[in-house]
Amino acid sequence: MIQRRRRRMVAVDKPRKILVCTVCVIALVGLLTGYVRVFPSPRASDSSDPHKLPTQHEFNYQKLSAEKKWTEEVAPPHLSKQQSSPHLPKAPVSLHKFDGASGNLDSEKLWKLPEYRDFLPCIQPSSNYTTPDKTRGYLLVRTNGDLSQTRTGLCDMVAVARIINATLVVPELDKRSFWRDTSNFSDVFDEDHFINALANDVKVVKKLPKELSSGTKIVKHFKSMSSFKYYRDVIGSLWEEYRVIRAAKSDSRLTNNNLPSDIQKLRCRACYEALRFAPQIEAMGKLLVERMRSYGHFIALHLRYEKDMLAYSGCTHGLSNAEAKELETIRDETANWKVKEIDATEQRYRGQCPLTPKEVGIFLNALGFPSETPIYIAAGEIYGGVTHMADLRSRYPLLMSKENLASAAELEPFTNHSSQMAALDYIVSVESDVFIPSYSGNMAGAVEGHRRFLGHRKTISPDRRGLVHLFGQIEKGLLKEGSKLSNRIIEIHKNLQGSPRRRGGSVPGTKSMESTHSEEAFYTNPLPDCLCQKASQTVNTSIRESNRKLDRSMQKEQLLLLKVL
């Protein structure tokens with residue numbers, strides 16, 4: 001009898017226990033579900049052209065912390081097994097480690113945007129700004145230098161045309177320099193958009209009127225880094241004798257500072273609104289960005305380790321004797337490069353050499369970027385090719401470039417034109433999550449300035465002089481890669497990540513023209529002329545306290561910038 005009761009109790013308890021366990025499991029699943037992060041589809045909020053570099057009007061002065069986040073995990077159709085290029089590296093199975101979804105705080109810090117980002121474009125002209133009326137003559141411009149020099153030079157010539165009251169003829173691009181690029185203005189830039197966007201600022205025409213084509217023109221070498229007064233009085237006086245003025249050079253012809261506010265704002269409107277790349281370049285650039293986004297957050301690395309750069313700078317660290325001799329020969333035979341004798345060791349320790357690919361790998365690893373980080377190489381042909389890239393690739397196998405993100409057929413229209421290929425790199429660099437230049441040259445400065453204008457996107461500027469000493473200790477066996485090196489590199493660069501700061505003035509101790517040339521370039525940092533601080537509704541501290549913190553941040557970064565210079 002007792003045995004039967006026990007059996008009955010067991011029979012009753014068993015389903016009861018199962019029921020209790022089931023309830024517990026359901027509760028546990030519900031609890032865990034609350035912590036599962038849902039990834040919204042970026043396509044839901046896409047505009048018709050999500051990767052086009054936005055203009056000021058597209059901002060609508062919304063808070064920049066609401067910038068679009070790209071967390072797409074599924075490869076787009078053009079990266080399907082049937083269509084993807086066989087040499088294109090496969091995207092990782094899980095991209096959570098790249099976008100912070102894993103909850104890894106270190107990963108989140110790597111991609112975190114700079115602080116104090118409540119600065120928005122303010123480039124509208126003042127109330128007394130007038131539209132161009134009858135001009136006094138025509139300004140012809142022949143640009144010089146690479147794509148970045150061309151961009152900034154063009155924008156300066158727009159400002160010069162406004163100052164001297166000239167009609168600007170669509171400029172001719174440089175076809176005679178090292179790159180031998182045959183591209184015309186309309187091959188690289190959207191010509192009609194350029195003309196229409198500047199209609200209220202400067203009159204722009206595609207060609208010089210026929211009656212003036214064979215007339216007398218004066219070819220003028222505008223002085224480097226010249227003032228408003230120089231153009232208004234000296235160049236402006238030439239209209240008394242000539243109807244056409246030709247500018248022999250365009251780069252660095254206008255000073256960075258001490259110009260009227262409306263002229264500074266015009267430079268920004270020209271650079272960030274009017275000067276749009278040609279439609280076919282914009283479309284290809286958008287495609288490259290989409291393909292990089294399929295890997296998650298990514299770095300754009302401007303690896304300035306090309307033959308022309310190394311030859312010009314005289315930097316030979318890590319090269320063979322034969323390679324160093326080849327670069328020396330190139331420098332000697334390039335007529336417009338004035339400096340021929342260069343001490344490579346001294347150049348390197350002054351921080352005036354680009355980081356080598358190997359050094360870049362050590363740098364990225366010390367900052368904490370994992371080996372799975374996708375990296376877009378924004379550069380031309382790397383000197384030494386596979387040999388010099390081997391160490392960096394062994395650390396970071398997901399190295400991409402336009403050449404392995406796109407097929408030969410897709411790149412064919414741009415392949416033999418260095419400025420058009422550079423434009424593709426420019427677009428991807430501006431749109432990247434983190435931009436890191438291995439050298440502070442023209443391209444690095446132009447991209448950094450554009451990223452600042454678009455909301456102070458994260459840009460890590462290596463302190464090359466400080467890094468070279470650390471790398472030297474590693475080579476001598478005095479320091480090893482690890483936490484000690486990592487802590488030192490992170491400390492050096494904590495205030496070199498693109499936070500808002502006022503544009504740097506001349507380096508103390510310099511005089512006259514040397515002082516002017518030592519200033520930070522206008523297009524590297526358009527603050528305060530083209531960016532204004534807006535009060536944040538989410539910050540609990542007072543505006544005064546926020547400004548004090550910003551000033552301290554600016555001072556620290558400026559000191560580090562002067563150290564690099």
Side-chain angles (χ1 to χ4, degrees), residues 145-149 178-179 299-320 323-324 326-328 330-331 334 337 339 342-367 369 375-393 395-396 399 401 418 421-422 425-426 428-429 432 434-448 459-472 474-475 489 492-493 496 520-521 524 560-561 563-565:
D146 61 16
L147 175 73
S148 303
Q149 288 172 289
F178 180 90
W179 301 273
I299 294 171
L301 172 63
H302 182 45
L303 190 58
R304 197 68 170 96
Y305 206 73
E306 300 129 323
K307 184 182 288 187
D308 65 301
M309 177 65 210
L310 297 176
Y312 177 79
S313 62
C315 298
T316 60
H317 181 76
L319 302 181
S320 67
E323 289 172 328
E326 180 188 20
L327 297 177
E328 184 181 351
I330 293 172
R331 187 166 64 253
T334 305
W337 291 355
V339 181
I342 299 175
D343 185 325
T345 302
E346 182 181 347
Q347 188 88 327
R348 172 175 160 78
Y349 276 92
R350 285 194 312 213
Q352 295 180 355
C353 287
L355 298 180
T356 68
K358 180 179 180 179
E359 291 170 341
V360 169
I362 297 172
F363 176 64
L364 293 176
N365 185 61
L367 289 177
F369 286 100
I375 300 175
Y376 178 88
I377 303 295
E381 184 179 353
I382 301 300
Y383 189 59
V386 175
T387 302
H388 291 308
M389 289 293 289
D391 191 276
L392 176 59
R393 189 174 293 279
R395 292 171 182 267
Y396 294 94
L399 294 182
S401 66
S418 62
M421 293 289 271
D425 285 341
Y426 185 96
V428 180
S429 296
S432 64
V434 176
F435 175 64
I436 301 177
S438 67
Y439 183 75
S440 54
N442 299 316
M443 169 83 162
V447 170
E448 179 183 350
T459 299
I460 302 176
S461 302
D463 179 350
R464 296 188 306 280
R465 187 161 61 179
L467 288 172
V468 164
H469 287 283
L470 293 176
F471 296 150
I474 293 174
E475 291 174 0
I489 287 180
I492 291 172
H493 293 87
L496 290 173
E520 185 176 16
T524 299
L560 285 168
L561 176 70
K563 177 185 174 185
V564 173
L565 292 172

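- Between the CD1 atom of Ile330 and the CG atom of Asp308 there is a distance of 8.5 Å, given to the nearest 0.5 Å.
- Counting only heavy atoms from C-beta outward, the side chains of Leu319 and Leu327 approach each other to under 4.5 Å.
- Residues Tyr349 and His469 bring their aromatic ring centres within 6.0 Å.
- With hydrogens and angles ignored, the 3.5 Å screen pairs no side-chain donor or acceptor of Gln149 with any backbone N or O of Asn442.
- Scanning all heavy atoms of the two residues, the minimum distance from Val428 to Ala300 falls at O-CB, 4.3 Å.
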Q. Step by step, would you call Met389 with Leu399 a side chain to side chain contact (heavy atoms under 4.5 Å, CB included)?
A. CA-CA 10 Å; Met389 289 293 289; Leu399 294 182; 3.8 Å; yes

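- Not a single donor-acceptor pair under 3.5 Å links the side chain of Glu475 to the backbone N or O of Gly472.
- Side-chain contact between Ile375 and Ile436: absent, with no pair of heavy atoms (C-beta onward) separated by less than 4.5 Å.
- Crowding of Glu381 atom CD: a count of heavy atoms from other residues, nucleotides or ligands under 6.0 Å not exceeding 12.
- Looking at heavy atoms from C-beta onward, Leu303 lies in side-chain contact with Ile382 at the 4.5 angstrom threshold.
- Using a 4.0 Å cut-off between charged nitrogen and carboxylate oxygen, Glu306 and Arg304 count as a salt-bridge pair.
- Between Tyr312 and Thr334, every side-chain heavy-atom pair lies at or beyond the 4.5 Å cut-off.
- Note that CG of Leu496 is 6.5 Å distant from CG of Asp463, once rounded to the nearest 0.5 Å.
- Contact annotation: the side chain of Val360 never approaches that of Tyr305 to less than 4.5 Å [non-hydrogen atoms, C-beta and beyond].
- In this structure, His302 contributes its side chain and Tyr439 its backbone to no donor-acceptor pair below 3.5 Å.
- Looking at Ser313, its side chain does come within 3.5 Å of a backbone N or O of Met309 through a donor-acceptor pair.
- Separating the CG atom in Asp391 from the OG1 atom in Thr356 is a distance of 8.0 Å, to the nearest 0.5 Å.
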Q: Please lay out, stage by stage, how Glu323 and Lys307 fare under the test salt bridge (charged side-chain N to carboxylate O under 4.0 Å, His left out).
A: CA-CA 10 Å; Glu323 289 172 328; Lys307 184 182 288 187; over 6 Å; no

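- Residue Tyr396 comes nearest to Gly361 through the heavy atom pair CE1-O, 3.8 Å, listed as atom of the first residue, atom of the second, then distance.
- Here the side chains of Met443 and Asp425 are in contact, with some heavy-atom distance below 4.5 Å.
- The pair Arg331-Glu326 does not count as a salt bridge, with every side-chain nitrogen at least 4.0 angstrom from each carboxylate oxygen.
- With rounding to the nearest 0.5 Å, the separation of OG1 in Thr345 from CZ in Arg350 is 11.5 Å.
- Between Pro357 and Ser438 there is no side-chain heavy-atom pair separated by less than 4.5 Å.
- Taking every heavy atom of both residues into account, Pro462 and Pro437 meet most closely at CD-O, 3.1 Å.
- Between Tyr383 and His388, the ring planes are parallel. Angles under 30° get that label, and only those over 60° would be called perpendicular.
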Q: Go through the steps to decide whether Ile460 and Phe435 satisfy the test side chain to side chain contact (heavy atoms under 4.5 Å, CB included), and finish with yes or no.
A: CA-CA 6 Å; Ile460 302 176; Phe435 175 64; over 6 Å; no

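- Put simply, the side chain of Ser440 reaches to within 4.5 Å of the side chain of Arg464, judged on heavy atoms.
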Q.
Applying side chain to side chain contact (heavy atoms under 4.5 Å, CB included) to Arg348 and Phe471, what does each step give before you reach the verdict?
A. CA-CA 11 Å; Arg348 172 175 160 78; Phe471 296 150; 4.2 Å; yes

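- Between Leu470 atom CG and Phe363 atom CZ the span is 11.0 Å, to the nearest 0.5 Å.
- Across all non-hydrogen atoms, the minimal contact from Leu147 to Ala422 is CD2-C, 3.6 Å.
- When all heavy atoms of Ser429 and Ser432 are compared, the closest pair comes out as O-OG, 2.9 Å.
- Atoms CD1 and CZ, from Ile362 and Arg395 in turn, are 5.0 Å apart once rounded to the nearest 0.5 Å.
- Thr459 approaches Glu448 most closely through the heavy-atom pair CG2-CG, 4.1 Å.
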